[in-house]
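Have a look at the structure below before the remarks.
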Amino acid sequence: MQLLSRATDWNESRQIGRLYLDLLRDSTWNLRRVDTIELLDHNQIGRKVSIDIDLIDLKGRLAREGISGVQSLPLPIFTQVKTLMLDLDLRQADGMALSLATSAQDSWIAYSMLLCVAEEHGFDPSAFSRTVLEAIYHCARHMPDGEELNAIDIIDSEHRVSEYWISRASEMFSANEERVLWESLFAVPQFAALAADFTLKSMAICPVDVGSGRTTIVKYRYVDVGIDPVVGEAAAWGVKDFAYFVPAESIGLAQREHTRIIAPEGMEVTDIALLERASVGIEEVVPFLISPKRYHRRLSGERGVVYTRRYSRGSYVISVSLQPRVEELVAPSLFSVGLTSLLLAVFTALQFLHSFYFDETVENGFLGTVDTDSLTTTLLLVPTLLSLFLVRPREHSLVGRLLLRVRILVLLSAFCMIISASAVALGLSGVPLGLVFGVGFLISTVILVILVVAYIRSRKRSEAVRTAHRGVLIDNVLISPLLPN
């Protein structure tokens, strides 16, 4: 049987629909799934996935549906929001590249599954008109545009998708009987839920050789969209962690799931929690709640891991708390900002001392005895040193975003020195020049104190994370520090 060819016979469609419904509902054929997630940007993530597949289980399912002669089974290994997939690489364990089914083939399998769900709830798909069948196929094949996605609220996708397709009944069907049948189909919760999934998502289907062996491994990687991080004011200063939400696609898709979140270079994981979609009615306040089910987690600074076992399918998100290693930027910056404060303090003191105690230099201050060109060069040397610590071309965008305020402070210190050098070059002298030096000294000193506090707090936080317990069992009594109360 050609499983990816569109059948004209309902009995053949029923076989295929039942097989893939079984694969979707019971994922015990997936022995283990390991997701390794890297944060590429503030809203992009890279996924590397490894799936252990039970071939004996798959052959048993084919036999139960009376499907024979299948050497290569097209297997839905994951679902993805209908969008252009970036940098997808799909391979077997031996490194051989695998191909994905086309969108038409994926839609055909989804269409067969929808018909089987309709039959399970008392409908006779063989009696459906061609118009109704094409409309069901359109649910699976249709790519929603921006306007339609705005009309379909992802938070409550099942309800909104049902309303969307029912509202289009008048333009899709001319006969009243067809419109009534259409509304009756979406009145079935199971049909509406599956139609909502296939309206918004598509299945990634690849061939798996089931001819020999007991298990096989499929690996793939691709670029996905994350959820924009929540960055508070304290996190923006680099002295407190912030929450990054990662869609947990692996949860509920295997007997065991391991989801690893790798911290970007220059950051460390301080906490990790598994969240579930909140019940309808409180999404606007708290869109996700701590999962009431039992799972394990492990933190090791550079990564956080969530371990789940025999979870049911659902809408899960992993909240990972990250903190930049502020000391990597602040520690060298302390030297330059401290040097700025020291030089400005010395110049301020000397300028005022000469102005008040030496009559012959009241007008020019101590600059009367100093080469202004040499002094200007000395003053401009510090901003040059600061630029060496601020320019980090390979820095992760998240780290740069979080340390922006710290960099602004360091630049402000450099700006104080540039203003002082400009005052010397312009020939400013006496008390006014001392005031310029003094104001610059005060500003640089305040910045130095802020950087010292940020450095100490960052070090304490990092040490606390490194000494935290490993392998903590999370139960429904845990209250996440990421959510209020």
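Taking 4.0 Å as the cut-off between side-chain N and carboxylate O, D22 and R18 do not count as a salt-bridged pair.
L98 and C206 get closest at one heavy-atom pair: CD1-SG, 4.2 Å. Scanning all heavy atoms of the two residues, the minimum distance from L23 to W29 falls at O-NE1, 3.1 Å. Annotation for S107 and A140: closest pair OG-O, 3.6 Å, computed over non-hydrogen atoms.
Panel note: side chain Q15, backbone E65; a donor-acceptor pair is recorded below 3.5 Å. Of the possible polar contacts, none joining the D271 side chain to the S321 backbone as a donor-acceptor pair under 3.5 Å is found. Of the possible polar contacts, none joining the E178 side chain to the V132 backbone as a donor-acceptor pair under 3.5 Å is found. Between the side chain of Q255 and the main chain of T28, a donor-acceptor pair closer than 3.5 Å is present.
Ring pair F186/F191 is perpendicular by interplanar angle, where above 60° counts as perpendicular and below 30° as parallel. Relative ring orientation between W182 and W165 is described as perpendicular, the plane-to-plane angle rising above 60° on a 0-90° scale split at 30° and 60°.
Between Y295 and Y316, the distance from one ring center to the other does not fall under 6.0 angstrom.
Counting heavy atoms from C-beta on, the side chains of L24 and M203 never come closer than 4.5 Å.
Atom CG of L412 sits about 4.0 Å away from atom CD1 of I447, to the nearest 0.5 Å. Taking CD from E119 and OG from S126, the interatomic distance works out to 8.0 Å, rounded to the nearest 0.5 Å. Atom-to-atom distance recorded for Q190:CD and R25:CZ is 8.0 Å, nearest 0.5 angstrom.
Applying the side-chain contact (heavy atoms from CB on, under 4.5 Å) test between I53 and each of L31, T215, L58, I217 identifies L58 as the sole match. Screening K219, R47, R221 for a salt bridge (Lys or Arg N to Asp or Glu O under 4.0 Å) with D89, the sole residue that qualifies is R221.
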